A.B. asks: 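Okay, handing you the structure first.
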Protein chains: 2
Amino acid sequence: MDLSERKKKILSAVIETNIKSNQTEAVSSKQLQEEYMPKVSSATIRNELNALEEMGFLTHLHTSSGRVPTREGYEKYTSELMEEKKLSESEKETIKSNFSSKLLSLRDIIEKSAKTISKATNYTSIVYAERANKAIIKDIKFYPVSRTTQLVVVVTSDRVINELSNLGTNDENDLNSASAILRDLFVDKPLSLIINKDFRDKVVTKELQKYKVVFDKVIEIIESNEQNYLGDISIAGKDKLMDYPEFNNTEKLKKAVSLFEDKDSIIPLIKNGDDLELSINVGSDKSGLEDCSLVTITCNLNDEKHITAGVIGPMRMDYQKAVSVLKEVAYTIENTLAENQGDENER
Amino acid sequence: MDLSERKKKILSAVIETNIKSNQTEAVSSKQLQEEYMPKVSSATIRNELNALEEMGFLTHLHTSSGRVPTREGYEKYTSELMEEKKLSESEKETIKSNFSSKLLSLRDIIEKSAKTISKATNYTSIVYAERANKAIIKDIKFYPVSRTTQLVVVVTSDRVINELSNLGTNDENDLNSASAILRDLFVDKPLSLIINKDFRDKVVTKELQKYKVVFDKVIEIIESNEQNYLGDISIAGKDKLMDYPEFNNTEKLKKAVSLFEDKDSIIPLIKNGDDLELSINVGSDKSGLEDCSLVTITCNLNDEKHITAGVIGPMRMDYQKAVSVLKEVAYTIENTLAENQGDENER
DNA sequence: TTTAGCAATCATCACATTTGAGTGCTAACA
DNA sequence: TGTTAGCACTCAAATGTGATGATTGCTAAA
C-alpha cells in the first residue's frame with residue numbers, strides 16, 4: 001500500500017511534531033498547515049488526515065482532539081518514511097571522547113558504550129556482549145585461601161572463571177599436582193566438551209582417581225558457569241524513562257524497573273536472532289514493555305565476539321537520533337579496537 | 001525526656017497503625033480508642049496526642065486531619081519503644097532455603113542475600129562486601145589472545161583481576177619469562193606496596209629492563225583496579241519502592257533510581273563507619289534519599305571480610321520486620337559459612 | 001479536488017457546594 | 001487533677017456546574 005507524496009509528508013509531519021513535543025500532544029490540521037504546508041488549507045489536510053486514519057496510521061482520542069500516530073504509523077515511518085539524520089561533528093566528537101584511547105577491557109567497553117548512548121539519546125540503553133560459542137580452556141589453577149577454602153581459577157579464551165570452593169585438600173603439593181593433571185587433560189579443550197559426560201567418564205582413570213573430589217568440584221564450577229553465564233550486559237540511564245510522560249504512571253514504571261533488574265529476561269529482548277546490523281522494533285511485542293520501542297545495532301568486536309547495543313524508549317521515540325547515535329557508537333567500537341589492534345603503540 | 005507508659009503506648013500505636021496501613025494514613029483519636037484502648041475516651045487520647053505533638057513526635061497536616069509521626073517520632077520508636085519481633089519458623093525456613101548448602105562464591109552470597117532480604121521485607125535491599133584492606137598478590141599470568149592482545153590475570157588474596165591489554169609482545173616465551181620475573185618480584189607482596197613508586201623504582205633494574213612495557217602495563221592494571229575496586233555490591237528489589245505511596249511522585253522515584261545506578265554514591269551510604277552490628281538510620285540524613293530510612297547489619301564472613309546488609313525503605317517502614325529479617329540473614333551467612341568450614345563434606 | 005464556513009463535540013479549567021472526618025475547647029464530672 | 005461528653009469549627013476531597021476553546025466532520029460552493 002503506497003502513500004501519495006502528500007500523505008507521506010503529512011504522516012511524517014505528525015510523527016515528527018509528536019516526537020519533538022515533550023508532551024504526548026495530539027497534532028491538529030491547523031498546526032500542520034502553519035508549520036509544514038501553508039499552501040493548502042487546513043480542510044484539505046483534514047481530509048488527508050482522515051484518509052490516513054482510515055488506513056490505520058493515525059488515531060483520534062475523541063472528536064475534537066488532534067491526531068496521534070498509531071503503532072502502525074510509527075512502524076510505517078521508521079521502515080519507509082524516516083530519513084537518515086547525520087550527527088553534527090561536535091556530537092560525534094562528544095561520543096568519541098567518551099572512549100579513551102586505551103585498550104579497554106570488555107567490561108569497560110560495554111559500560112562506556114551504554115553510558116555514552118544513554119547520555120547522547122536521553123533514553124535507557126542496553127549493551128550486550130554475547131558469550132563466545134566456543135570457549136577454550138587455557139589454564140586451571142588452585143590457590144589456598146583458608147584451611148578449607150581454595151580459590152579455583154579457570155582461564156578460558158572467553159572469560160576468567162574464579163570461584164571459592166572446598167577442594168578437600170589444602171596441601172600445596174596436592175593442589176599443584178591435581179591442577180597439573182587437570183591442565184594436561186583440559187587445556188585447549190572447549191568448555192562444552194568438558195561438560196559432556198562421555199568425555200568425562202573416559203578421562204577419569206588412573207592418576208585422577210586420587211583427586212576425584214577436586215575433579216568433581218572443578219567440573220561443577222565449570223558446568224554452573226557455563227549454564228549461568230549468558231554474556232556481559234550493561235544498562236545505563238534507567239532513570240531516563242521517567243522523563244517521558246508515557247511513564248508517568250507507576251504501573252508502567254514498575255514493570256520497566258523490574259525488567260531491568262532481571263538479566264535473564266532482558267537478554268532475549270536484545271539478542272538479535274538474525275545478524276541484522278540495525279533493527280527497529282516499534283511497540284516491542286517481544287514481551288517486556290508495552291508501547292515501548294527498541295532500536296538495536298550489532299557490531300563485531302572480533303571474529304568471535306559480537307556486541308549488541310540498544311536503546312529502549314517510548315514508542316514516541318526520536319528514532320532518527322537513536323539510529324545515528326547507535327551507528328556512531330558501533331563505528332567507534334569497531335574503530336577503537338581496530339586502532340589498538342594496529343601495530344603502533346600509544347605512548 | 002521520658003514518656004509516661006500511656007504516651008509510649010499511644011505513640012507506638014500511632015506508628016504501628018501508620019506502618020500497617022498501605023496508605024500514608026493519618027491516625028485519629030477514635031481509631032486509636034477502638035483498636036488499642038477502649039477503656040479511655042477519645043477525648044483523653046486527644047489530650048495525649050496533643051502533648052505528644054508538643055514534644056515533637058507527632059504532627060498534623062491540618063486542623064481536621066489525624067496525627068502522623070514526625071521523623072523524631074520514628075526515631076523515638078526505633079530507639080526506645082519498638083519491641084523485637086521474632087520471625088515465625090516458616091519465615092526462617094524460607095530465608096534459609098534461599099541459601100543452598102553449597103559453598104557459594106562471594107558474589108553468590110551477596111546476590112542471594114540481597115534477593116532474600118528484599119523478598120522477605122518487601123523493601124529494596126543492598127548487600128555489600130567490603131574489599132580486604134591488605135590484598136596480597138598470589139600469582140601473575142599472561143595469556144595470548146590475539147596478535148596484539150593479551151589477557152593479564154592477577155590473582156590476589158581478595159579477588160581475581162583480569163584485563164585485556166596490549167603487552168607489546170605475543171611471543172609465548174617472552175610472556176612466560178616476563179611473568180616469571182614479575183612473579184618473583186611481586187608474589188606475596190601486598191597490592192598497596194606495588195603501587196608505591198619508591199618500591200617500583202628500586203625494583204626496575206637489570207632483567208626487567210627488557211620487559212619495561214609489560215611491567216608498566218601490569219602496574220597500570222593493578223593501580224587502576226586498586227583505585228576503582230570498592231568492593232562487591234548487590235542491590236535487589238529496586239521496584240519494591242514503588243509499592244509505597246511515598247514514592248508515588250516521579251521526582252522522588254527518579255532520585256532513587258539514579259542513586260541505585262551509581263555504585264560510587266551508594267557504597268558510602270551503607271558503609272558502617274563504626275563496627276556497629278545493627279544500625280537504624282531514620283530519615284537518612286546521609287545524602288541520597290530524603291525521608292527514607294536505612295537499616296543495616298554487619299556480619300563477618302571471615303577474619304578479613306565484612307558483609308553489610310541493608311534495607312532501604314520509606315520512613316514509614318516496618319522496622320520490626322526489617323530488623324528481624326536482617327538478623328536472620330546475617331545469622332545464616334555466618335552459619336552457612338561455618339558449616340562449610342567444618343570438616344564434614346557434603347555428598 | 002480544494003476550500004470556506006459552520007455546527008457539533010469534548011477535554012479542561014475555574015468556581016461553587018456539599019460532605020464528613022477529625023480536632024480543640026469548654027464545662028461538667030469523678 | 002485527670003477524664004469525659006458535647007459541640008463548634010476546620011478543611012480536604014468529592015461532586016456538580018458552566019464557560020471556554022480547540023478541533024473535527026460535513027456540506028456546499030468554487
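To find a chain, count down the sequence lines: A is the first, B the second, and so on, and within it residues start at 1. Side chains are part of it too, since the values below use all heavy atoms of this structure and drop only hydrogens, waters and symmetry mates. As the structure is a prediction and not an experimental result, all values here were calculated from the model.
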A.B. asks: Using a 4.0 Å cut-off on protein heavy atoms (strictly under), produce a 5'-to-3' string for nucleotides 2-13 of chain D with B for base contact, S for backbone-only sugar-phosphate contact, and - for none.
C.D. replies: -SBBB---BBS-
A.B. asks: With B:R6, which residues qualify under side chain to side chain contact (heavy atoms under 4.5 Å, CB included), at least two apart?
C.D. replies: B:S4, B:I10, B:M37, B:V40, B:T44, B:E48
A.B. asks: Under 3.5 Å between N/O atoms: give me all the protein pairs with nucleotides 28-30 of chain D, atom names plus distance.
C.D. replies:
none

A.B. asks: Out of the candidates B:T250, B:N248, B:D239, only one should pair with A:T250 under the side-chain hydrogen bond (donor to acceptor under 3.5 Å, both in side chains) rule; please name it.
C.D. replies: B:N248
A.B. asks: So, using side chain to side chain contact (heavy atoms under 4.5 Å, CB included) as the criterion, who are the partners of B:S42 when residues are at least two apart?
C.D. replies: B:S29, B:Q33, B:R46
A.B. asks: Suppose we screen for side chain to side chain contact (heavy atoms under 4.5 Å, CB included). Which residues come up paired with A:N47, at least two apart in sequence or across chains?
C.D. replies: none
A.B. asks: With respect to A:S88, which candidate in A:K85, A:K86, A:E91 satisfies the side-chain hydrogen bond (donor to acceptor under 3.5 Å, both in side chains) definition?
C.D. replies: A:E91
A.B. asks: Return the set of residues passing salt bridge (Lys or Arg N to Asp or Glu O under 4.0 Å) with B:E5 (not counting sequence neighbours), or none when no residue passes.
C.D. replies: B:K8
A.B. asks: Excluding sequence neighbours, so at least two apart, what forms salt bridge (Lys or Arg N to Asp or Glu O under 4.0 Å) with A:D243?
C.D. replies: B:K254
A.B. asks: Which residue pairs pass the salt bridge (charged side-chain N to carboxylate O under 4.0 Å, His left out) test when at least one of the two sits in residues 56-68 of chain B, sequence neighbours left out?
C.D. replies: B:E53-B:R67
A.B. asks: Is the backbone N or O of A:G56 less than 3.5 Å from a side-chain atom of A:T70, with the two atoms forming a donor-acceptor pair by type?
C.D. replies: yes
A.B. asks: Examine D:dT24: is either OP1 or OP2 under 4.0 Å from a nitrogen or oxygen in the side chain of A:S29? Give yes or no.
C.D. replies: yes
A.B. asks: For the ring pair B:Y244 and B:Y123, is the centre-to-centre distance below 6.0 Å?
C.D. replies: yes
A.B. asks: For residues B:Q31 and B:Y36, is any side-chain donor paired with an opposing acceptor at under 3.5 Å?
C.D. replies: no
A.B. asks: Between which nucleotides of DNA chain C, read 5' to 3', does contact with chain A run, using atoms under 4.0 Å from its heavy atoms?
C.D. replies: C:dT2 to C:dA11
A.B. asks: Have a look at the helix from C:dT1-D:dA30 to C:dA30-D:dT1 and give the angle its two end axes make, five pairs each, rounded to 10 degrees.
C.D. replies: 30°
A.B. asks: Using salt bridge (Lys or Arg N to Asp or Glu O under 4.0 Å) as the criterion, list what pairs up with A:E75, not counting sequence neighbours.
C.D. replies: A:R71
A.B. asks: Distance check needed: D:dT27 C1' versus A:N50 CG, whole Å only.
C.D. replies: 14 Å
A.B. asks: If the condition is side chain to side chain contact (heavy atoms under 4.5 Å, CB included), which residues does B:S118 pass it with, not counting sequence neighbours?
C.D. replies: B:S125, B:A236, B:K240
A.B. asks: Find the distance A:H60:NE2 to D:dT24:C1' and express it as a whole number of Å.
C.D. replies: 6 Å
